[in-house]
K.L.:
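The structure is given below, and queries will be raised subsequently.
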Amino acid sequence: MTSSKRKNKKGERVILHIDMDYFFAQIEERENPQFRGKPLVVGADPKKGKGRGVVSTSNYEAREYGIKSGMPISRSYKLCPDAIFLPVNMDLYKKVSERIFGTVKEFSSKIERISLDEAYLDLSKKVGSFKEAENIGKKIKEKIFEKENLTCSIGISKNKMMAKIACELAKPKGIRVITPEKVVGIISEMGVEVVPGIGPKTKDKLRKKLKKRDPKVRDAQIFSKEELINFFGKRGGEFYEKFRGKDSSPVKEEREVKTIGKEHTFQQDTKNPRKITSIFKQLIGDVYRQAKGRKVKGVTVTCRYEDFETHTKQTSFPAGEYDERFLIKKGTPLLLKFLTQSNKKVRLIGFRVTLYG
DNA sequence: AAGTTCTTATTAC
DNA sequence: CTAACGGTAATAAGAACTT
């Protein structure tokens with residue numbers, strides 16, 4: 001704040017990443033202390049409705065059985081039938097999240113919230129060293145624990161990517177600083193999937209290109225920027241920088257919403273047009289209310305069939321504020337095409353609006 | 001040929 | 001049965017269509 005503590009030598013940034021430890025499950029443990037120490041899975045109850053969902057979060061005891069986020073609940077049940085299975089109580093998690101990040105914001109208003117349990121802070125103007133940033137990080141952890149009785153992990157480095165990697169290394173319950181001198185050394189030895197934007201598909205391509213089962217960032221450093229752009233398009237150029245620990249993306253305090261949508265998976269696949277259209281209208285209603293007062297310029301309808309094949313259809317129109325009836329009028333014909341053009345049962349339908357301005 | 005619109009693929013949380 | 005699989009949003013790329 002004061003001009004004395006403004007910048008470190010080269011005007012390098014100081015970025016902090018905070019991530020709540022196994023957030024949803026940790027909240028449930030707090031609310032129900034008798035769950036502590038036992039495997040706990042938040043997602044859905046596999047006994048009720050047979051559970052078509054996936055694991056949202058599990059505690060560390062459950063992870064010992066191989067249970068992970070994103071895994072089908074049914075599979076997690078096989079891995080550990082004795083675990084405690086809970087449905088998602090999003091309203092509760094939202095409230096807790098609001099309180100936590102309200103507290104965090106008191107340490108720095110330059111904050112980008114990524115999800116209910118994650119955020120970045122840009123401390124560049126607040127601290128003159130990484131050591132100072134670490135002290136702030138410790139205070140944040142203490143404050144959250146004092147106020148909410150919940151633990152988090154914190155990573156600090158010179159950009160968002162490295163702060164996140166530092167945080168990952170600190171988990172659970174830890175804090176970790178990666179100073180600029182250490183950045184390249186650390187990231188070089190990690191798997192390429194630590195780079196944001198490199199998921200399973202891109203990793204697979206790198207695997208083939210490098211002829212390595214488990215390519216490391218170091219291996220990927222042999223590619224020139226041109227080669228990467230050639231291979232991965234626009235993203236390739238960013239990968240080149242990221243393979244060297246560089247990431248200039250700013251901490252964005254607010255980003256604008258461009259689309260709003262809702263989807264629904266049926267408990268059982270269905271072909272019943274009345275069942276489907278009834279849900280469809282509910283979705284539109286929900287989306288309409290969430291988009292309240294905003295100008296809309298298009299709608300997209302999603303349909304996933306029983307075999308998981310997923311398609312979308314969209315229509316656009318002059319931007320304007322429309323009523324719910326208009327959205328139904330635009331969306332329904334798209335939905336009907338899906339029902340007409342195939343005999344398959346429907347697993348999921350979705351409705352999304354594209355906003356203007 | 002250029003500019004929109006539509007569709008799919010991929011990623012992230 | 002082999003199989004398993006949410007919901008929300010962003011972004012990129014390419015095809016299809018218009019002007």
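Sequence lines set the chain letters: A, B, ... in the order given, protein chains first and strands last, and positions in each chain run from 1. Hydrogens, waters and symmetry mates are skipped; everything else that's a heavy atom, side chains included, is used.
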K.L.:
If we only count heavy atoms from C-beta on, is the A:I349 to A:T302 side-chain gap below 4.5 Å?
P.N.:
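A:I349 does not reach A:T302 side chain to side chain.
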
K.L.:
When you match A:E118 and A:T300 each to their closest nucleotide on DNA chain B, which lands nearer the 5' end?
P.N.:
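Between the two, 5'-proximity favours A:T300.
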
K.L.:
Determine the contact category for A:L116: base if any of its heavy atoms lies under 4.0 Å from a base atom, sugar-phosphate if only primed atoms, P, OP1 or OP2 are that close, otherwise nothing.
P.N.:
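It contacts nothing in the nucleic acid.
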
K.L.:
Counting side-chain heavy atoms from C-beta on, which of C:dC5, B:dT5, B:dT11 comes nearest to A:S316?
P.N.:
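Shortest atom-to-atom distance from the side chain points to B:dT5.
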
K.L.:
Using ring centroids (six-membered ring only for Trp), state whether A:F326 and A:F317 fall under 6.0 Å.
P.N.:
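Yes.
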
K.L.:
Report the distance from atom CD of A:E193 to atom C1' of B:dT10, rounded to the nearest whole Å.
P.N.:
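Interatomic distance, CD of A:E193 to C1' of B:dT10: 16 Å.
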
K.L.:
Given C:dG7, C:dA9, B:dT7, which nucleotide is nearest the side-chain atoms of A:K313?
P.N.:
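Nearest to the side chain of A:K313 among the choices is B:dT7.
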
K.L.:
Kindly determine whether A:Y22 and A:Y60 satisfy ring pair (Phe, Tyr, Trp, His ring centres under 6.0 Å), including the steps that lead there.
P.N.:
CA-CA 8 Å; A:Y22 64 107; A:Y60 281 82; 5.5 Å; yes

K.L.:
With heavy atoms under 4.0 Å as the rule, sort A:T312 into base, sugar-phosphate or nothing.
P.N.:
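The answer is base, as A:T312 lies within the cut-off (heavy atoms under 4.0 Å) of a base atom.
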
K.L.:
Of the listed nucleotides (B:dT7, C:dA9, B:dT11), which one gets closest to any side-chain atom of A:T259?
P.N.:
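Minimum distance to the A:T259 side chain belongs to C:dA9.
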
K.L.:
Taking A:E168 first and then A:K171, would you say they form a salt bridge - that is, a charged N and a carboxylate O separated by under 4.0 Å?
P.N.:
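Yes, charged N to carboxylate O under 4.0 Å.
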
K.L.:
Expressed in angstrom and rounded to an integer, what is the separation of A:E238 atom CD from B:dT10 atom C1'?
P.N.:
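The answer, rounded to whole Å, is 14 Å.
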
K.L.:
Hey, does A:R347 reach any base, or is it just sugar-phosphate, or nothing, if we go heavy atoms under 4.0 Å?
P.N.:
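The residue A:R347 makes sugar-phosphate contact but no base contact.
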
K.L.:
Separation of A:R75 atom CZ from C:dT2 atom C1', in whole Å?
P.N.:
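Taking atom C1' of C:dT2 as the reference, CZ of A:R75 is at 15 Å.
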
K.L.:
Given B:dC13, C:dC5, B:dT5, which nucleotide is nearest the side-chain atoms of A:Q314?
P.N.:
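So the side chain of A:Q314 is nearest to B:dT5.
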
K.L.:
How many whole angstroms separate atom CE of A:M71 from atom P of C:dA3?
P.N.:
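Between P of C:dA3 and CE of A:M71: 16 Å.
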
K.L.:
Determine whether the side chains of A:T270 and A:N272 contain a donor N or O and an acceptor N or O closer than 3.5 Å.
P.N.:
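No - no donor-acceptor pair under 3.5 Å links their side chains.
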
K.L.:
Taking any heavy-atom pair under 4.0 Å as a contact, classify A:E306: base, sugar-phosphate, or nothing.
P.N.:
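Touches nothing.
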
K.L.:
Checking contacts here: which listed nucleotide (B:dT7, C:dA4, B:dC13) is nearest the side-chain heavy atoms of A:K164?
P.N.:
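In terms of side-chain proximity for A:K164, the closest of B:dT7, C:dA4, B:dC13 is B:dC13.
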
K.L.:
Nearest to the side chain of A:V257, heavy atoms from C-beta on, is which of C:dC5, C:dA10, B:dT7?
P.N.:
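The answer is C:dA10.
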
K.L.:
Among the nucleotides B:dT5, C:dA9, C:dC5, which one has an atom lying closest to any side-chain atom of A:I260?
P.N.:
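From the listed options, C:dA9 comes nearest.
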
K.L.:
Expressed as a whole number of angstroms, how long is the span from A:F232:CZ to C:dT11:C1'?
P.N.:
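Going from A:F232 (CZ) to C:dT11 (C1'), I get 16 Å.
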
K.L.:
Need one value for A:Q290: base, sugar-phosphate or nothing, where a base atom within 4.0 Å counts as base even if backbone is also close, heavy atoms only.
P.N.:
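Here A:Q290 touches the backbone only, sparing every base.
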
K.L.:
Start with the C-alpha distance between A:V96 and A:R30, add both sets of side-chain angles, then the distance that settles side-chain contact (heavy atoms from CB on, under 4.5 Å), and finish with yes or no.
P.N.:
CA-CA 11 Å; A:V96 176; A:R30 181 185 77 177; 3.6 Å; yes

K.L.:
Touch check for A:K262, heavy atoms < 4.0 angstrom, all strands: base, sugar-phosphate only, or nothing?
P.N.:
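Sugar-phosphate contact only - A:K262 comes under 4.0 Å of backbone atoms but never of a base.
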
K.L.:
How close or far is atom C1' of C:dC5 from atom CG of A:D307, stated in whole angstroms?
P.N.:
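So the CG-C1' distance, A:D307 to C:dC5, works out to 14 Å.
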
K.L.:
From C-beta outward on A:E263, which listed nucleotide comes closest to its side chain: C:dA10, C:dA12, C:dG7?
P.N.:
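Nucleotide nearest to A:E263's side chain: C:dG7.
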
K.L.:
Grab the NZ-P distance between A:K234 and C:dA12 for me, whole Å please.
P.N.:
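Value for this atom pair: 4 Å.
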
K.L.:
Between C:dC5 and C:dC1, how many Å separate the two P atoms, rounded to a whole number?
P.N.:
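The same atom, P, in both gives a distance of 13 Å.
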
K.L.:
Can you tell me which nucleotide in C:dG6, B:dC6, C:dA10 comes closest to the side chain of A:R304?
P.N.:
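The listed nucleotide nearest to A:R304's side chain is C:dG6.
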
K.L.:
How long is the line joining CG of A:D269 and P of C:dA4, in whole Å?
P.N.:
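Nearest whole value for this atom pair: 12 Å.
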
K.L.:
Can you tell which of C:dT11, C:dG6, B:dT11 lies closest to the side chain of A:T265?
P.N.:
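Per side-chain heavy atoms of A:T265, the pick is C:dG6.
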
K.L.:
What nucleic acid atoms does A:V88 come within less than 4.0 Å of, heavy atoms only: base, sugar-phosphate, or nothing?
P.N.:
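The residue A:V88 makes no contact with any strand.
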
K.L.:
Can A:K164 and A:E118 be counted as an ion pair, charged N to O under 4.0 angstrom?
P.N.:
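Salt bridge: yes.
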
K.L.:
Look at all strands and tell whether A:T202 reaches a base, only sugar-phosphate, or nothing, counting heavy atoms closer than 4.0 Å.
P.N.:
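The answer is sugar-phosphate, as A:T202 gets under 4.0 Å only of primed atoms, P, OP1 or OP2.
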
